[in-house]
Amino acid sequence: MGKVVDHLLVSKEEIEEFCERIGKQITADYAGHEIYLICVLKGSFMFLADLARHIDLPCMIDFMAVSSYKGEKSTGVVKIHKDLDYDISGKNVIIVEDIVDTGLTLSHLKNMLTTRNPASIRICTAFDKPSRRLTPIHIDYIGKEIPDEFIVGYGLDLDGRYRNLSEVVVLRDDDVEN
Ligand code: IMP
């Protein structure tokens with residue numbers, strides 16, 4: 001059975017508003033410093049692109065692809081599929097995520113990056129589902145808190161699809177067989 005769009009959850013206007021708000025906040029918080037933005041692939045490519053345009057600071061942008069092992073027990077290990085291109089020691093790092101769900105991926109990623117001795121490390125996410133958290137994690141910048149629903153669009157996918165939507169929607173099963 002396929003999926004169809006059930007309802008709109010976050011509009012283009014709302015996304016634009018929170019990108020501007022967070023961009024201004026980061027610009028103020030790091031005034032006089034260079035920052036190192038890490039785009040966690042693939043889901044955060046759109047958010048990173050929009051957010052970065054609202055940041056008025058010297059800035060390096062890098063990309064990383066990771067997955068965390070979600071077996072019966074969390075091992076605290078992240079598998080790196082694509083690592084950063086530069087050394088982050090002494091840098092002011094901001095990890096840019098699409099969504100924080102259980103928090104496992106980010107907490108492992110943050111621990112791993114901390115061992116590389118950045119000057120500071122903060123977390124920024126477009127969407128946050130706090131009701132699903134399995135591990136406590138401090139998030140410094142949040143676009144929008146959302147309920148426990150599976151969302152797609154604005155970079156977020158279902159099996160690789162829907163990333164191109166410019167707004168965020170909730171899907172439901174399509175009752176019609178085709
Ligand atoms: P966590 O380790 O459970 O926090 O995993 C976060 C990752 O799960 C995100 O980066 C997404 O790739 C994926 N994810 C969690 N919730 C959703 C959702 O509602 N839609 C699409 N992907 C999601």
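Just the heavy atoms: all of them, side chains too, but no hydrogens, waters or symmetry mates, feed the values below. Every number for a ligand or one of its atoms is a count from 1 in the order of the listing. Being a predicted model, the structure only gives us computed values, none of them experimental.
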Task: Atom NZ of Lys82: over 12 foreign heavy atoms under 6.0 Å - done: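 Yes, enclosed.
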- [ ] Work out whether the distance between some heavy atom of Lys129 and some atom of ligand 1 is less than 4.0 Å.
- [x]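 So Lys129 counts as touching ligand 1.
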- [ ] Examine ligand 1 and decide if any of its atoms is less than 4.0 Å from a heavy atom belonging to Ile99.
- [x]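 Contact check Ile99 vs ligand 1: positive.
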Hey, quick one: are [X] and [Y] part of the same hydrophobic cluster, counting side-chain heavy atoms closer than 4.5 Å, chains of contacts allowed?
{"X": "Ile61", "Y": "Leu84", "answer": "no"}
{"X": "Ile123", "Y": "Ile88", "answer": "yes"}
{"X": "Tyr30", "Y": "Leu51", "answer": "yes"}

Distance-only donor-acceptor hits, side chain of residues 31-46, under 3.5 Å, sequence neighbours excluded:
unit_1	atom_1	unit_2	atom_2	d
Tyr36	OH	Asp62	OD2	2.5
Ser44	OG	Val40	N	3.1
Ser44	OG	Val40	O	2.7
Ser44	OG	Val96	O	3.0

Pull out every atom of ligand 1 sitting under 4.0 Å from any heavy atom of [X], numbered as shown with elements.
{"X": "Asp157", "result": "21 (C)"}
{"X": "Asp98", "result": "9 (C), 10 (O), 11 (C), 12 (O)"}
{"X": "Glu149", "result": "19 (O)"}
{"X": "Asp101", "result": "1 (P), 3 (O), 4 (O), 15 (C), 16 (N)"}
{"X": "Thr105", "result": "1 (P), 2 (O), 5 (O)"}

Task: Under 3.5 Å side-chain donor-acceptor pair for His54 and Gln25 - done: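 On atom types as modelled, these side chains do not qualify, holding no pair under 3.5 Å.
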Open item on the list: Checking the N or O distance criterion of under 3.5 Å, is ligand 1 in contact with Gly103?
Closed with: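 By distance alone, the answer is yes.
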Open item on the list: Any nitrogen or oxygen of Leu106 lying under 3.5 Å from a nitrogen or oxygen in ligand 1? Just yes or no.
Closed with: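 In this structure, Leu106 places no N or O atom under 3.5 Å from an N or O of ligand 1.
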Task: Residues Arg116 and Asp83 bridged, charged N to O under 4.0 Å - done: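 Yes, charged N to carboxylate O under 4.0 Å.
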Task: Heavy-atom proximity to atom 22 (N) of ligand 1, best of Leu9, Leu156, Val152 - done: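 Heavy atom nearest to atom 22 (N) of ligand 1 belongs to Leu156.
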